[in-house]
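Note that the structure is a prediction, hence the values are computed from the model and not measured.
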Amino acid sequence: MSRIASHLADLQLQIEKTCSKRRIFKHNVQLVAVSKRHPADSIREAYAAGHRDFGENQVQEAVEKISNLSDLEINWHMIGAIQSRKCKDIAHYFDWVQSVDRLKVAKKLNQHRTPDQAPLNVLIQVNLFDESQKAGVNVTECKKLAHDITQLPRLRLRGLMALPPKQSAPQLQFAQFEHIYQLYHELQAEYPQLDTLSMGMSGDFEQAILAGSSMVRLGTAIFGGRE
Ligand SMILES: *Cc1c(COP(=O)(O)O)cnc(C)c1O
């Protein structure tokens, strides 16, 4: 088994084990392999091990890999900050956009998603802890944006994405994730089609899962460190 394949297998086990510990949301959690700054060959290796969902945060780097790997049936997730002039490429190449944080971007993605493609899966990136250096919307903006996105026919709103600040204690990390889950839960009451809460990275995914995450984004734990 390759190094990447064995990391993936270990992580799947860890994810399942953590899922079985939660009292509610027993369903399994989806794993997105964050391949940013790792070569296309590493993605092939993970693909050969059966993995299908990959995350990238830079459009140009992603487009090169997506073209290189066009023989594979991959679900590509955009997880990085979005410049509106890149929306055409994003709408063309990606299956999911997890980092939508303003209406202008949502409208452009909608405009560039062509009718021969399935509607683009979209998550709203939230920033609930006042971290001005990170992208993402607050609660009020999130509710407004969710409403506006559901009016755009080429987009399919699936849920929320978050990357809360790092905390030293697992209980504090958990509390943050739970706070995000509360907002997701509220939105779901209004939009029952929502089925995705993307939170949890290599360092904190267990706490995220315990708090109700349905999708974790893991890079380092699968591919090793990035330069
Ligand atoms: C890089 C990145 C990840 C993966 O981080 P790791 O700590 O390497 O698992 C997850 N989400 C986003 C938005 C990222 O930019």
>> Ignoring hydrogens, what is the shortest heavy-atom contact between M199 and G212? Give both atom names and the distance.
In response: CE-C, 4.4 Å
> Taking H51 for the side chain and L31 for the main chain, is one N or O donor matched with an acceptor at less than 3.5 Å?
Replying inline: yes
> Side chain of Q173, backbone of Q207: donor and acceptor closer than 3.5 Å?
Replying inline: no
> Is L72 linked to I4 within one hydrophobic cluster, defined over Ile, Leu, Val, Met, Phe, Trp and Tyr using a side-chain heavy-atom separation of less than 4.5 Å?
Replying inline: yes
> Counting heavy atoms not belonging to D130, are there more than 12 under 6.0 Å from its CG?
Replying inline: no
>> Between K166 and D204 (salt bridge meaning N to carboxylate O under 4.0 Å), is one present in this structure?
In response: no
> What distance do F205 atom CZ and T18 atom OG1 have between them, rounded to the nearest 0.5 Å?
Replying inline: 6.0 Å
> Is there a path of hydrophobic side-chain contacts, each under 4.5 Å between heavy atoms of I, L, V, M, F, W or Y residues, that connects Y93 with V34?
Replying inline: no
>> For E56, is there an ion pair with K65 - N to carboxylate O distance below 4.0 angstrom?
In response: yes
> When rounded to the nearest 0.5 angstrom, what distance separates CD in E61 from OG in S35?
Replying inline: 7.5 Å
>> As an exercise, state the distance from CZ of R3 to CZ of F223, rounded to the nearest 0.5 Å.
In response: 9.0 Å
> Does N138 offer a backbone N or O that forms a donor-acceptor pair with the side chain of E141 under 3.5 Å?
Replying inline: yes
> Distance from L183 atom CG to Q188 atom CD, nearest 0.5 Å?
Replying inline: 11.0 Å
> In terms of heavy-atom contacts, does NZ of K134 have more than 12 from other residues, nucleotides or ligands at under 6.0 Å?
Replying inline: yes
> Does any N or O in the side chain of Y184 come within less than 3.5 Å of the main-chain N or O of T196, such that one atom is a donor and the other an acceptor?
Replying inline: yes
>> Does E73 have more than 12 heavy atoms from other residues, nucleotides or ligands lying within 6.0 Å of its CD?
In response: no
> Does a salt bridge link K143 with E186, judged by any charged N lying under 4.0 Å from a carboxylate O?
Replying inline: yes
> Can D71 and R44 be said to form a salt bridge (Lys or Arg N to Asp or Glu O under 4.0 Å), step by step?
Replying inline: CA-CA 10 Å; D71 55 315; R44 283 196 189 273; 3.1 Å; yes
> Backbone N or O of V122 within a donor-acceptor pair of the R156 side chain at under 3.5 Å?
Replying inline: no
> If Ile, Leu, Val, Met, Phe, Trp and Tyr residues are connected whenever their side-chain heavy atoms lie under 4.5 Å apart, and connections chain through other members, are V59 and I74 in the same group?
Replying inline: yes
>> Measuring centre to centre across the rings, with the benzene-like ring taken for any Trp, is F129 within less than 6.0 Å of H179?
In response: yes
>> Nearest 0.5 Å, please: how far is CE in M78 from NZ in K86?
In response: 8.5 Å
> About how many Å separate CE of M161 and CG of D101, when rounded to the nearest 0.5 Å?
Replying inline: 9.0 Å
> With distance as the sole test, does R113 use its side chain to make a donor-acceptor pair with the main-chain N or O of A118 at under 3.5 Å?
Replying inline: yes
> Just checking, is any N or O donor in the side chain of S198 or Q98 under 3.5 Å from an acceptor N or O on the other one?
Replying inline: yes
>> Is it the case that the side chain of S213 and the backbone of A208 share a donor-acceptor pair, with hydrogens and angles ignored and the cut-off at 3.5 Å?
In response: no
> Does any donor atom in the side chain of E45 or S42 lie under 3.5 Å from an acceptor atom in the other side chain?
Replying inline: no
> Is a donor on one side and an acceptor on the other found under 3.5 Å between the side chain of Q117 and the backbone of H92?
Replying inline: yes
> Looking just at side-chain N and O atoms, do R154 and N110 make a donor-acceptor pair shorter than 3.5 Å?
Replying inline: no
>> Do V97 and L157 sit in one hydrophobic cluster, given that two such residues count as connected whenever their side-chain heavy atoms are within less than 4.5 Å of each other, even indirectly?
In response: yes
> Any luck finding a side-chain donor-acceptor pair between H77 and D95 under 3.5 Å?
Replying inline: no
>> Hydrophobic clusters here meaning ILVMFWY residues chained together by side-chain heavy-atom distances under 4.5 Å, can you tell me if L194 and L128 are in one?
In response: yes
